[in-house]
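Heads up: the structure comes next, in structure tokens.
Chain letters run A, B, ... following the sequence lines, proteins first and then strands; every chain starts at 1. These numbers were taken from a predicted model, which means no experiment stands behind them.
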Amino acid sequence: MNDKLPISAYKGADVVEIAINLLGKQLWTNFDNSLTGGLIVEVEAYCGATDQACHAYPDKLTPRTKTMYQAGGVAYVYLVYGMHHLFNIVTNVEGRADAVLIRAIEPTHGEETMKLRRQQIDSNKLLTGGPARLSQAMGISVADNNTDLQSDNIWLTEGKQFSKEEIIRSTRIGVEYAGEDALLPWRFHIKGNKYVSK
DNA sequence: TTCCCGATTTACT
DNA sequence: GTAAATCGGGAAA
């Protein structure tokens with residue numbers, strides 16, 4: 001259970017299926033000799049070829065989307081609103097711009113480090129519920145864009161097996177600009193988990 | 001080069 | 001509930 005997820009776990013052609021399979025997996029980072037880890041409890045799928053919500057739509061290679069065209073198994077990290085770093089996992093084969101946005105984790109290791117990174121002295125701030133929050137807690141930034149998930153900085157392992165009944169499917173958050181594709185039910189989260197974003 | 005706006009979070013009225 | 005923060009990507013000029 002401590003072995004890194006193999007490349008094959010990221011190379012499938014169906015990004016939605018991979019997104020579902022990533023629920024319950026354990027995400028780890030090790031920066032500056034500080035290990036942090038948590039279970040993935042909320043994800044969203046994005047598909048560059050067909051999905052208007054995806055940065056790479058309509059299958060458009062740019063300096064930014066280049067990362068998503070890599071073969072599955074690397075990190076796609078980008079900046080939104082000039083301040084928030086969002087962590088995605090690139091999927092599919094080279095040349096297909098698909099990715100899974102990690103929206104929330106349940107912390108399991110290194111919570112003190114996470115609190116320091118989040119400046120969570122007074123506890124009004126959520127620790128890891130929300131895509132920018134978990135990136136900050138795990139120490140992930142745009143500097144980690146294109147990082148291989150077999151590396152010793154960011155990687156995944158098996159984690160906890162959730163039952164089908166615990167997995168809730170819904171529309172994605174913050175993609176109203178995507179027209180009819182905003183209605184795609186490509187968000188998945190663990191029912192009742194307190195770390196799932198609002 | 002200008003311009004618009006975003007896969008969000010937080011503080012404040 | 002609403003608005004501010006803050007800056008780079010991408011399209012248009």
| field | Touch class at under 4.0 angstrom, heavy-atom based, for A:L101 against every strand present | value | base
| message | From CD of A:Q52 over to C1' of B:dC5, roughly how many Å is that when rounded to an integer? | response | 17 Å
| message | So is the aromatic ring of A:Y46 stacked onto the base of B:dA7, judging by whether the centres are under 5.5 Å apart and the planes are under 30° apart? | response | yes
| said: Does the structure place the NZ or CZ of A:R133 under 6.0 Å from the centre of the six-membered ring of A:Y195, at an angle of no more than 45° from the ring's axis? | reply: no
| field | is_close_aromatic(A:Y78, A:H85), centroid dist under 6.0 Å | value | no
| A:E176 CD to B:dG6 C1', straight-line distance once rounded to whole Å | 11 Å
| message | Is there a side chain to side chain donor-acceptor pair (under 3.5 Å) between A:S163 and A:E166? Walk through the geometry before answering. | response | CA-CA 5 Å; A:S163 69; A:E166 293 175 279; 3.1 Å; yes
| request: Determine, step by step, whether A:H55 and A:Y46 satisfy the side-chain contact (heavy atoms from CB on, under 4.5 Å) criterion, reporting the C-alpha distance in whole Å, the side-chain angles of both residues, the deciding distance to 0.1 Å, and the verdict. | output: CA-CA 9 Å; A:H55 294 153; A:Y46 290 85; over 6 Å; no
| Backbone N or O of A:K4 within a donor-acceptor pair of the A:Q150 side chain at under 3.5 Å? | no
| message | Has A:Y69 got a side-chain atom pairing as donor or acceptor with A:K60's backbone, closer than 3.5 angstrom? | response | yes
| Rounded distance (Å) that lies between atom P of B:dA11 and atom CE of A:M83 | 12 Å
| Protein-nucleotide distance (A:K125, atom NZ; B:dA11, atom C1'), rounded to Å | 11 Å
| message | At 4.0 Å (heavy atoms only), tell me whether A:R64 reaches a base, stays on the sugar-phosphate, or touches nothing. | response | sugar-phosphate
| field | Minimum-distance nucleotide (side-chain atoms of A:H84 versus B:dA7, B:dT8, B:dA11) | value | B:dT8
| message | At 4.0 Å (heavy atoms only), tell me whether A:R118 reaches a base, stays on the sugar-phosphate, or touches nothing. | response | sugar-phosphate
| query | A:R117 side chain to A:M138 main-chain N or O, any donor-acceptor pair under 3.5 Å? | reply | yes
| said: Rounding to an integer number of Å, can you tell me how far A:D51 CG sits from B:dA7 C1'? | reply: 10 Å
| query | Whole Å only: how far is the CH2 atom of A:W186 from the C1' atom of B:dA7? | reply | 13 Å
| Distance, rounded to the nearest Å, where A:R103 contributes CZ and B:dT9 contributes C1' | 12 Å
| remark: As its Watson-Crick or G-U partner within any shown strand, both distances under 3.5 Å, C:dG10 has B:dC3
| request: Could you work out the separation of B:dC5 and C:dA3 based on their C1' atoms and round it to a whole Å? | output: 16 Å
| query | Taking for each residue the nucleotide of DNA chain B with the nearest heavy atom, is it A:L79 or A:Q136 whose nucleotide lies nearer the 5' end? | reply | A:L79
| said: Tell me the interatomic distance from A:H85, atom NE2, to B:dG6, atom C1', rounded to whole angstroms. | reply: 15 Å
| field | A:R133 vs B:dT10: side-chain N/O to OP1/OP2 distance below 4.0 Å | value | yes
| field | Bounds of contact between DNA chain C and chain A, in 5' to 3' order, using a heavy-atom cut-off under 4.0 Å | value | C:dA5 to C:dA11
| query | Which nucleotide, B:dT9, B:dA7, B:dA11, lies nearest any side-chain atom of A:A132? | reply | B:dT9
| task | Would you kindly confirm whether A:V43 and A:L184 end up in one hydrophobic cluster when ILVMFWY residues are joined by side chain heavy atoms under 4.5 Å apart? | result | yes
